[in-house]
Amino acid sequence: GAKNNNEGGTNGGANEGTNEGTKVESDGSGKDFKIGMVTDVGGVHDKSFNQSAWEALETVTAETGAVTKFLESKGEADMEPNLNSFVKEGYNLTWGIGFLFNDALSKVAKENPDAKLAVIDSVIEAPNVASITFAEHEGSFLVGVVAGLMTKTNKIGFVGGMEIPVIKKFEAGFKAGVAAVKPDAKVEVDYTGDFGKPDLGKLAAATMYDGGVDIIFHAAGGTGNGVFNEAKARKDNGDAVWVIGVDKDQSLEFGDEITLTSMMKGVEAAVHKVSKDLIAGNFAGGTTQELGLKDDAVGLPDTSSKNVPADVLEKVAEYKAKIVSGEIKVPTE
Amino acid sequence: MDRSLTAVQLKGITKRFPGLVANDSINFELKKGEIHALLGENGAGKSTLMNILFGLYQPDEGEIWINGKQTVIEGASRAIELGIGMVHQHFKLVQPFTVAENIVLGNEPVKGLKIDYKLANEKVRTISERYGLKVDPQARIKDITVGMQQRVEILKTLYRGAEIVIFDEPTAVLTVQEIEELIEIIRNLAAEGKSIIIITHKLKEVMALADSVTVIRRGKVIKTVTTDETNEQQLAELMVGRDVSFEVKKTKREPGEVILAVDNLKMKGEQGKNALNGVSLDIRAGEILGIAGVDGNGQSELIYAITGMRKVEGGAVKLNGRDMTNHSPRDVSVAGVGHIPEDRHKHGLVLDFSVSENMILNTYFEPEFGKTMFIDYKAMDTLSDKLVKEFDVRSSGIHTHARALSGGNQQKAIIARELHKDPDLLIAVQPTRGLDIGAIEYVHKRLVQARNEGKAILLVSFELDELYALSDRIAVMYEGRLMGEVDAEKRDDQQLGLMMAGNKATADGRG
Amino acid sequence: MEMLRKIFSKSSILIPLVAIILGLIVGAIAMLAGGYNPILAYSSLLDKLFSTPYNLGEAIRAITPLIFTGLAVSFAFRTGLFNIGVEGQFVMGMTGATIIGVLLDLPWYIHAPLAIITGAVFGGLWAGIAGYLKAKRGVNEVISSIMLNWIALFLSNFIVAKFLVEKGQQKSMTVHESAMVKIDWLIKLTDNARMHWGTIIAIVCVIVFYIVLWRTKQGYELRAVGHNPDAALYAGMNVNVTMVKSMFISGVFAGLGGVFEILGVFGNQTVMAASPGYGFDGIAVALLGGNTPIGVLLGAVLFGGLSYGSAGMSFGAGVPPEVVRIVIGAVIFFVASHGLVKWFLKPFLNKRASKRKEAA
Amino acid sequence: MDVLEIIGQLINTTLVFSTALIFTALGGMYSERSGVVNIGLEGLMVSGAFAAAVATEYAIQAGLGGVSPWIGFIAAAIYGVLFSLLHAISTITFRADQTVVGVVINILSLGLSLYLTKSLYAGSGQTPLLENVFHKWQIPFLSDIPLLGRAIFTAYPTTYIALALAVISYFILFRTPFGLRLRAVGEHPSSADTVGISVTKYRYIGVLLSGALAGLGGATITLTTTSSFAHNTISGQGFIALAALIFGKWNPLGLVGAAMFFGLAQALRSFMQRFEFAQQIPAEFFYMLPYVLTLIVLAGAVGRSNAPSALGQPYDPAKR
Ligand SMILES: Nc1ncnc2c1ncn2[C@@H]1O[C@H](COP(=O)(O)OP(=O)(O)OP(=O)(O)O)[C@@H](O)[C@H]1O
Ligand SMILES: Nc1ncnc2c1ncn2[C@@H]1O[C@H](COP(=O)(O)OP(=O)(O)OP(=O)(O)O)[C@@H](O)[C@H]1O
Ligand SMILES: [Mg+2]
Ligand SMILES: [Mg+2]
C-alpha cells in the first residue's frame, strides 16, 4: 500500500469503467448485483492496488455476471460524492480503495445505513462496512530477510514515498528482517516525500547505488518507478544491483533482471473474496480483517525463485513460520 | 538644385479614426531639396499624415506620389526602400543597445554568421563625420543625452540612404544649443540635396529654417505659403484661427515672505555620481524663479528632493520656515506644495483612471472626499466638473480615461488639480512641453496669474523664451550646482549659454 | 455604477457567451474525434449537476473555494501584481484553521471565528512575504510565490505531522465541533451534501472585493499603485506598503478558501503530496471573470460546475473527464482572444447590420 | 566514499536535474526576449513529455529500438511548436493577453494530453513504460578523469545537448543579426518596426522556439527519468524553469547558472538525508531546501532583474 494521496490538482471529475456481466462463462449468480469501486487519486491503472482491486472486480464479473463499475477521484474532495454516486444509485456494494477513504467512507456509511460498503487499508467501525487491512510489516520482514542474505556490500536501501505511518510499517518490518539475518548490514533510508515523482525515486536510488547499496526496497508507488529505471540503467552497465518491488509482483512489469522479488499485498484476493461473499449472501459488514502472513495475504510471489536462491527461500519460509506462530513479533514502527 | 522636381506629392489623403477625421483630403507637395514645415495645433493631424507617408498607417483615401511615381507604402520597410526616413516625435531607439547597434539594426553588416561590429562602427563613424553629427558608436543609448539620441535617429535615416527626411517635433525636447546645432544639421542635409519635412510648434524655428510652410487645422490644409511671404503672427493666426498674443502680461511685483528655502542639498544620482552637489536657493511669495540649464544637470533631482520623492544625503528644505527635509511626498504636498511634474504620463496622471479620479490624485484622503474610509465620489465629480469647466479641459466627459485626452488637455487637467490645492509653492517642470501655441498661451497665463495671487513658483524649463517670459529671476544649473542667477529683465543669451556650459556667473550675475 | 454598466455592456456580455459556446464546441469536437457522443456527454453533465439536491449541493461545495481563489488572483491583478502563489496561501489558510480548530477548545462563537481569522491571516501573511520581498528587495513576485507554494506545502505537512497528527494516521486530529461551520439544515435539505457557511462568506467577499477596491480610499490607492506606481509615489502614496497590503488582502481571500475546506468540508487536514490545485484554478477563474468580482463569481460557477459535472460525463457517457479541462481552456482562450471571437462573429454581425440598414 | 567521489556525484546529479530546466528556460528566453511573456512553459513541457512518450512508444512498436527515444525527442519539439502556435496566433496576431493565454496553454495541454492518453491506451491515465530510453553516455577516456569524469563526462546525451544549445543561444542572441533583431523587438517593437523589421515574424519565431525547446525539456523528463507519461510527470518544473529564466536575467548563460543552482539544491536534498546528523531533521525541511535557498538567494543578492522592456505588451503599430 504505497500509493495514497491526493495529488495533482482538480476538484470534481472522475473516470469510469463498467463491466457488464453477460460475458464468458459466468454462472449468472450475481446478475442482479451491482458493485462499485472508487479509486484514490492514483487512478485505476496505477499498476498498484487500485488496479489489483479492479482486476478482482473484473474477475467477479466474469464469474458471476455482476455489474461492476469504477470512478476515479481527482482529489480528496471527490471521494465522498463518488462514493455517493454508487450508494445513491442503489449499488449493492461500494468499495473505497486506500486509507484516505477513512473519513469519506465512514460518513457515507453513517448517512446511508442500508448501503453496504467496504474499504481497503483502513478500519471503519460501522455495521455496514467491511474493513480490510494488511500486515505489511510482516511481509516486509520477509523481503528484509531476502535482502539481508543476498547483499554483497552489506548496504541496503529503503526508498519511501511520504513519511507516514503505513510506510513506516514497511520500513520497520524491512529493517527488522534485515537485522534478523545480517545484524551488521546498514539500511539507508530515503523518504522522497511523494508517491508520484519518479525523478525523485531515481535520484534516491542513484545516490544509494553510488554509495554502495546493492539492493533497494521501495514502498513509494509511482516514485518507485524511478528506482526501477535507475536500476535498469545500472544493470545495463553491468552493475549488480536489485530492486524489491511492492504491492504487486513487479517483476511482471519491470522484468526479472532487476526485480529481485516483491512484497505482495493480496488486495486482489481480498476484494474478490469480500465481493463474492456478498453475492453468496454473507457480507462481512461490521468486521475488520487484518490480513497477514497467516492468510497468505502478504508475502513473496512465486516468481521469486528465479532470482532468489533456494536456500534463501528456505530461510524465508522458516521466518514466515515463526511469525505466523507468534514466535517473532514484527515491529510496526 | 532643381527645385521644380517634386519629391513627395500627397493627393487627397484622408484618414479616419473612430469618431474623427484626422486627415481630411489633404494635398501636400514637397519639392526636392526643400525644407518644408508642417504647422498645426495639437491633434491637427500632422503626425498622422507623416505616419501615412512613412507607411505606418494606411490612408483611407488618396494617392501618394514619390519622385513622380504613384506608390503604395504598405510598411516602413517600403518607405525606407523609397528613400524616406523619419525622426519620430517619440524616439524609436532601443535603450540598452549601443548607438551603432541602433543605427545598423535591420541592415547589419555581417561576417560569416556574426555581425561585423568593426565595420558597423566604422560605417557609423563615416556618415557621422560626413554630416557633422558627432556620436560615439559604442555608447549605450541609455547613457547619452537626448540631443545625442536625436542625432542617432537622424543617422539611422541617413544610414539607410534617406533622401526625404521627416522630422516630427524634433526640437520639443532639445536645449537651446542643441536646437541651434540641429538647425545647422538640417540645413546641411538640405544643402546635400535632401528634401526635408519638419513639424514644429515653434514659429521662430519655422521662419529661420523652412522654405515653405503648410498649415493644417482639424485635419484640413488651411494654406501653404513660402516663408518669404509670411510672418510669425500670421502663421499663428492661421494655425489657431484667432489672434494670438505672444506677450505674457506681467506686472512688476514686490516679492513677499520667503516660502521655500533650500540649503546645501546633496543627493546621489542613479549611477552613483552626485546629482546634487550642494544646491541653495530661496523663493518668495509672488515671484517666479526660473531654473535654466541643460537637461540632466540635476534639475529633476532638485525637484525630487524638494517634493520628498527621493531622499537627500545632506542639506535642508524649509517650507514657510518649517523643516521638510526628507519628508514624504504626502507631507510636502499637505504642507502646501503643488507640483506640475516633468513627465505627465509617468508621474502626473494615472492614465487608466478617469479624468475625475485623476483630479483627486493627491487629495483623495482629505475629509472633503469622505470623512470615513469611503470615497465620496459625488464630491469628486462635483469638483471635477468645476475644474474642467474653469480650466477648459476638453474631453468627452469627466468619466473618460485620462489616456484619451490630448497632451494639452492632460496638462491642463494637472494644472487645474495642482492650482486647486491653493499651494504656497507651485513647482512647474517643463509645463508646456509638446503643447501648441494656444495651449502654451493658456498655461503661461495661469502661471503668471498664480504668481500675481502671491504664490511662490519654481519653474524648470529648457526653453529660454519661456524662462524670460515668466521668471522674475533665473538661476542656472550645471552638474548639480547653481552657477548663479541672471536678471530676467535683461535678456543675455550669451551669458546664460556660458553658464549653462559650466562657467560661473560674471560680475552682473549675483553668483 | 460603472461596474454594472461594464458587465451589461454589449460586447462584454456577448464575448464570454460566444466564448462559452465555442468552448463547448471545441470539447464536442474533441469527443467526436475520440469516438464519444458529445450530446450524451453534455446531457449527462447537466444531469449530474441538476438531477439531485445532493449533487447540486456538492457542486456548490466544489465552486466555493474557486470563488475565493479567483478573488485572490483578481485582487492582486487589479493592483498590478500577479499572485501565482494563491495555491500556497490556500494551504496556509487550511493549516491556520486546523491548528486553531484542533488545539483549542472554545465556545463556538469564539472558536469558529478565531479559526477562520487565523487561517485568513496565515494566508495573508504568506502572501505578504512575496509582497514584502517585491517591495523591499525587488524580487519578482511570480518567482517568489512559486517558491512559497512549495514551502507552504511542506511546512503544512510538517506542522500537521508533527503537532496535530492523529495517531497512526497521516492526517490531523479532527477539528472540534465548535470550530466547524457546517449548515445543518442545508445539509439535510441537500441529502447530506457538505454545505457550509464558507459559501455565504465567499459571496460576501465578492461584495467586499468590490467595496474595498472601488468604494474606499484604500482601494483608490491600491488601484492607483496598480496602474501607475510612479504616479502613486508622486501623489504621496506609500507604494511599498500598498503593495504589501495588496498581497496581504489577496492572501486573505486565498486563506479563507483554505479555511473552509477544513472547517466546512473535511474537518481535518491530511499530509499532502501535492497542493490541492484550487489556487491555479483560481487564475483561470479570475481570467474567465475578467478580474471583476461578479465575473469571478460567474467564472467560478462555470469552472466549478463543469468540473463537478465531468464526473457525470464519465459516468453516463464514458468520456474521460479531462475533456472538461479542454472546454475550460478553450473558453478562456476565446475570452482572451476576443479579436478572434469578433472575427468569428463578423459575418453574423455584418448580416445584422446590413439588415438594419435595409430596414432603415 | 571519498570526498572527490561525493562531489563528483553531486555535480552529476545537479546536471541531471537541471537539464530539463535548461531546455525549458532557454525556450522561455526566446519567447520573452521577443517580448512575449510565456507562463505556459509548464504546459508546453507537459505536451513535450506526452509527445515523447507516445512517439517513442510507437517507434519501439515499429521496431526502431535504440533510435526510438531520439524520435520521441524530436517529436516532442514538433508537438511543442504546434502547441505554441496557439499561443502565437492569439497573442501576436490577435493581441490577446499573454499571461492569460499562457494559463490557457497550461490548462489545455494537461487536459488534452491526459485525454489523448486515455483515448490511446484504453482508459489508462498513464502511457506504457518505455523499453528504450536514453542512457548515460560515458565519454571514452574523459570519463576516467577523477572527479570530472564522474561529474561531467558520464551524463545523458540530453545534458550535452542542453548545454550546447545554451552556448549556441548565447552566440545567436548576442552576436548575430537575428539575435539583435529579436532583442530589439522585445525591447522596443516600434523601433524595430520603423526600420523594417517585422515584429510579428520575430515574435512568432520566438514563441515557436519556446514551444520546441520546452517540448524538449518535457521530453527529457520522460526519456531520462520517468519512462512514461502520467498526470504528474511534469509537476511544477515549468514554473521553476520560468523562475530560472528570470533569476538568470534572460541571459542564456545566466539561466544555465540559475537552473544549475536549482538542480544543486535538489541534489543536496537527497544527499543530505544520508548523513547521520540529518536523520534528526524532519524530512520536510529537506524538501523545502531548494525553494528556501532560491528565495534567500533572490532576496539577498539579485534585486531587480531587468526584463525586456516590452515584455507582455502586444504590439499594435496603430497605437501610440
Ligand atoms: N491611433 C489613433 N487612434 C485614434 N485616434 C487617433 C490615433 N492617432 C491619432 N488620432 C487622432 O487623430 C488626430 C490627429 O492626431 P495627430 O497625432 O496626427 O496630431 P498632431 O497634429 O500630430 O498633434 P501634436 O501636435 O499633438 O503632435 C487627433 O485628434 C487624434 O485624436
Ligand atoms: N488609446 C487611445 N485611444 C483613443 N484616442 C487616443 C488614444 N491615444 C491617443 N489618442 C488620441 O490622440 C490624440 C493625441 O494624443 P497625444 O498623446 O499624441 O497628444 P499630443 O498632443 O501629441 O501630446 P504629447 O505628444 O505631448 O503626449 C488625443 O487627442 C487622443 O484623443
Ligand atoms: Mg504629433
Ligand atoms: Mg504631441
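To find a chain, count down the sequence lines: A is the first, B the second, and so on, and within it residues start at 1. The structure displayed is predicted, hence computed values, not measured ones.
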Among L86(D), L242(D), T91(D), which residue has the highest count of heavy-atom pairs closer than 4.5 Å to chain C? L86(D)
So, for [X] and [Y], which heavy atoms are closest and what is the spacing to 0.1 Å?
X	Y	value
S337(C)	S90(D)	OG-CB, 3.1 Å
A30(C)	Y115(D)	O-OH, 2.8 Å
G329(C)	V104(D)	O-CG1, 3.3 Å
A161(C)	E284(D)	CB-OE2, 4.3 Å
A243(D)	M147(C)	CB-CE, 3.7 Å
A299(D)	L133(C)	CB-CD2, 3.6 Å

Distance from [X] atom [atom1] to [Y] atom [atom2], nearest 0.5 Å?
X	Y	atom1	atom2	result
I326(C)	I107(D)	CD1	CD1	11.5 Å
E322(C)	L110(D)	CD	CG	7.5 Å
S119(D)	M31(C)	OG	CE	11.0 Å

When you compare the side chain of [Y] with that of [X], does any pair of heavy atoms fall below 4.5 Å?
X	Y	answer
I283(C)	N106(D)	no
F239(D)	I84(C)	yes
W150(C)	I240(D)	yes

Does any backbone or side-chain atom of [X] lie under 4.5 Å from a heavy atom of chain C? Answer side chain, backbone, both or neither.
X	answer
V100(D)	both
T294(D)	side chain
F262(D)	side chain

Exceeds 12 heavy-atom contacts within 6.0 angstrom, atom OH of Y42(C): yes
Top contributor to chain D interface from L148(C), V323(C), L153(C) [non-hydrogen pairs under 4.5 Å]: V323(C)
Among I146(C), I151(C), I332(C), which has the most heavy-atom pairs under 4.5 Å with chain D? I151(C)
D97(D) and L287(C): side chain to side chain contact (heavy atoms under 4.5 Å, CB included), yes or no, with the steps? CA-CA 10 Å; D97(D) 186 290; L287(C) 300 175; 5.9 Å; no
Step-by-step side chain to side chain contact (heavy atoms under 4.5 Å, CB included) determination, Y287(D) to N157(C): CA-CA 11 Å; Y287(D) 306 151; N157(C) 280 353; over 6 Å; no
